Amino acid sequence: MAGEKEVRLFRALAWVASSDGAVRPLEQDLLERYREKLSLAPQEAQEIVRSATESELPADPEERLKIFFGCVEMACADGELHDGERMLL
């Protein structure tokens with residue numbers, strides 16, 4: 001079962017993936033890999049992606065760094081860095 005940190009990371013990834021107006025297939029694939037890795041239920045992950053309009057950053061520097069690197073990976077997943085993704089990073 002996913003904890004608070006895992007949900008926060010997945011929410012940030014979903015936010016970046018949807019920042020250009022669409023979650024493209026390669027981004028969806030990466031979200032699915034993270035969903036499995038973070039032990040999120042499919043329905044929970046779908047709800048997070050649907051409602052991904054913002055993400056709160058944790059106070060813990062290590063967790064922030066993990067979220068940042070995950071977001072960079074997500075932004076680059078489709079081979080293009082869109083303006084919305086660039087602004088979020």
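Keep in mind that this is a model prediction, so the values were computed, not measured.
- Screening Leu38, Val7, Val49 against Glu44 for a side-chain contact (heavy atoms from CB on, under 4.5 Å) leaves a single residue, Val7.
- Applying the side chain to side chain donor-acceptor pair (under 3.5 Å) rule to pairs touching residues 80-89 yields Asp20-His82, Asp78-His82, Asp83-Arg86, sequence neighbours excluded.
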When the side chains of residues 64-73 are checked against the rest of the protein, which donor-acceptor pairs come out under 3.5 Å, sequence neighbours left out?
unit_1: Arg64; atom_1: NH1; unit_2: Pro58; atom_2: O; d: 3.1
unit_1: Glu73; atom_1: OE1; unit_2: Tyr34; atom_2: OH; d: 2.7

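- Going from atom CZ of Arg35 over to atom CG of Leu30 covers 13.0 Å, rounded to the nearest 0.5 Å.
- Counting only heavy atoms from C-beta outward, the side chains of Leu9 and Leu13 approach each other to under 4.5 Å.
- Classification of Glu6 and Lys37 as a salt-bridged pair fails, no side-chain N sitting under 4.0 Å from a carboxylate O.
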(request) Check step by step if salt bridge (charged side-chain N to carboxylate O under 4.0 Å, His left out) holds for Arg24 and Glu27. (result) CA-CA 5 Å; Arg24 292 173 176 30; Glu27 294 168 327; 5.1 Å; no
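- Annotation for Phe10 and Leu31: closest pair CE1-O, 3.3 Å, computed over non-hydrogen atoms.
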